[in-house]
Each structure stands twice: as C-alpha cells, then as structure tokens.
> 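Structure provided below as structure tokens; questions to follow.
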Amino acid sequence: QVQLVESGGGLVQPGGSLRLSCAASGLTLDYYAIGWFRQAPGKEREGVSCISSVNDSTYYADSVKGRFTISRDNAKNTVYLQMSSLKPEDTALYYCAADIGPVRYVCTQYPTGYDYWGQGTQVAVSS
C-alpha cells in the first residue's frame, strides 16, 4: 500500500523558514516525479514545485522561485521542500504527490498529473 506522509509544517513569522518532508512507504520516490502543491482556503490547488524522475530537473512556480528548494534524500526515501523568506501569502495546506507514470524528464506542475497524494501539512505565516 502506497502512503505519502508530509511533515514539517507549522506557524512561522514572515521572513522565516520551514522545511517540509514527504516520506513514502510502498513506493521508491527516487523512481518517480514528485510534486509539492498547496491549497489556501477558497483557492484552487496550485503546483509549487516538482522534481523529475530522471535527471532531477525541477520546476518552481514564479511566486516561490528563489525562495523554495526541492530536493531528494534517496537513502531516506524522502523529498523535501525547503522554504525560506516566507510570506503571509504562502499560508496554505501543503501536499506532496507522486507521478508513477512513465519516465519523466520534465515534471508537471498540474495536479492531474499525479497519482498518489499525502494528507497535507499546514503552513501558516503570520506575525
């Protein structure tokens, strides 16, 4: 049974940092493209970042470029999202997802491209 579990969310002041983790069981994350998404109340789920399955090419939404970094730790079967210089508009429920389709040289930022999802971890940025 495939399970993705996010952790690392919390309340942080503007300008602060958090590192989100996406740990998997029943799935070797190294083989697949992994995406991070977020959804704020009343808004659609949006792609924040993703990493491909082949050459670890990455994508970042314009709103987080230069502030967020996605990475893998294959030994821990975990994907991370390092978030820095956080802003109140980053407040949302953050999800990770796995695309178990064919080899991906380029990951997709669209939720419909992913097959397995975690339950999410809440990030709140407020003073």
Side-chain angles (χ1 to χ4, degrees):
Q1 182 180 358
V2 175
Q3 190 174 17
L4 300 178
V5 178
E6 303 94 337
S7 61
L11 174 64
V12 63
Q13 292 187 342
S17 299
L18 286 173
R19 188 179 75 161
L20 305 184
S21 299
C22 174
S25 58
L27 191 71
T28 302
L29 294 184
D30 186 30
Y31 297 161
Y32 304 108
I34 306 299
W36 280 100
F37 296 81
R38 66 187 181 188
Q39 189 166 18
K43 294 188 176 181
E44 293 187 354
R45 190 169 298 189
E46 65 167 335
V48 174
S49 179
C50 64
I51 186 166
S52 72
S53 60
V54 176
N55 53 5
D56 281 355
S57 66
T58 56
Y59 159 85
Y60 296 96
D62 288 343
S63 58
V64 307
K65 205 170 290 183
R67 300 188 298 121
F68 290 11
T69 303
I70 191 170
S71 63
R72 297 181 186 268
D73 184 335
N74 295 332
K76 295 182 178 180
N77 204 26
T78 299
V79 172
Y80 300 102
L81 186 68
Q82 177 69 48
M83 306 188 298
S84 303
S85 302
L86 284 161
K87 305 175 181 180
E89 51 264 44
D90 294 318
T91 295
L93 188 60
Y94 283 72
Y95 300 89
C96 67
D99 169 7
I100 64 168
V103 168
R104 305 292 188 200
Y105 288 88
V106 177
C107 56
T108 178
Q109 70 265 39
Y110 299 107
T112 53
Y114 292 82
D115 305 285
Y116 292 102
W117 291 80
Q119 294 300 306
T121 185
Q122 182 68 45
V123 172
V125 184
S126 175
S127 54

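In what follows, every heavy atom counts, from backbone to side chain, and hydrogens, waters and symmetry copies are set aside.
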> Can Val48 be reached from Ile34 by stepping across I, L, V, M, F, W or Y side chains whose heavy atoms are under 4.5 Å apart?
yes
> How close do Ala61 and Gly47 get, heavy atom to heavy atom, and via which atoms?
CB-O, 3.5 Å
> Sequence neighbours left out, what passes side chain to side chain contact (heavy atoms under 4.5 Å, CB included) with Lys65? Give chain and number order.
Tyr60, Asp62
> What about Val125 and Phe37, same hydrophobic cluster or not, with Ile/Leu/Val/Met/Phe/Trp/Tyr joined at side-chain heavy-atom distances under 4.5 Å?
no
> Is a side-chain N or O of Arg72 found less than 3.5 angstrom from the main chain of Leu29, in a donor-acceptor match?
yes
> Show me, pair by pair, the donor-acceptor contacts under 3.5 angstrom made by side chains of residues 112-121, not counting sequence neighbours?
residue : atom : partner : partner atom : Å
Tyr114  : OH   : Thr108  : O            : 2.6
Asp115  : OD2  : Ile100  : N            : 2.8
Thr121  : OG1  : Gly9    : N            : 3.1

> Can you name the residues that form a side-chain hydrogen bond (donor to acceptor under 3.5 Å, both in side chains) with Ser52, not counting sequence neighbours?
Asn55, Ser57
> Going from CG on Asn77 to OH on Tyr31, what distance comes out if it is rounded to the nearest 0.5 angstrom?
9.5 Å
> Quick one: do Trp36 and Val79 satisfy side-chain contact (heavy atoms from CB on, under 4.5 Å)? Show the steps, please.
CA-CA 9 Å; Trp36 280 100; Val79 172; 3.8 Å; yes
> State the OG1-CG distance between Thr78 and Asp73, to the nearest 0.5 angstrom.
6.5 Å
> Please check if the number of heavy atoms outside Glu44 that lie under 6.0 Å from its CD is greater than 12.
no
> Going from CZ on Phe68 to OG on Ser85, what distance comes out if it is rounded to the nearest 0.5 angstrom?
9.0 Å
> Can you tell me how far CG of Leu11 sits from CD of Gln122, rounded to the nearest 0.5 angstrom?
10.0 Å
> I'd like to know if the side chain of Ser49 and the backbone of Tyr59 have a donor-acceptor N/O pair within less than 3.5 Å.
yes
> Minimum heavy-atom separation for Pro14 and Ser127, please, with both atom names.
CD-N, 3.7 Å
> Is there side-chain contact between Met83 and Val64, with at least one heavy-atom pair below 4.5 Å?
no
> Which pairs of donor and acceptor atoms, one on a side chain in residues 18-27, lie under 3.5 Å apart (sequence neighbours left out)?
none

> Checking Asn74 now: which residues fulfil side-chain hydrogen bond (donor to acceptor under 3.5 Å, both in side chains) with it, not counting sequence neighbours?
Asp30
> Quick check for you: to the nearest 0.5 Å, what is the distance between Leu81 atom CG and Glu6 atom CD?
11.0 Å
> Quick one: do Val2 and Ile51 end up in the same hydrophobic cluster if we chain Ile, Leu, Val, Met, Phe, Trp and Tyr together by side-chain heavy atoms under 4.5 Å apart?
yes
> Quick one: does Gln39's side chain have a donor or acceptor within less than 3.5 Å of a partner on Tyr94's backbone?
no
> Can you name the side chain to side chain contact (heavy atoms under 4.5 Å, CB included) partners of Ser17, sequence neighbours left out?
Gln82, Ser84
> What heavy-atom pair brings Ala40 and Ala92 nearest, and what distance separates the two atoms?
N-CB, 3.9 Å
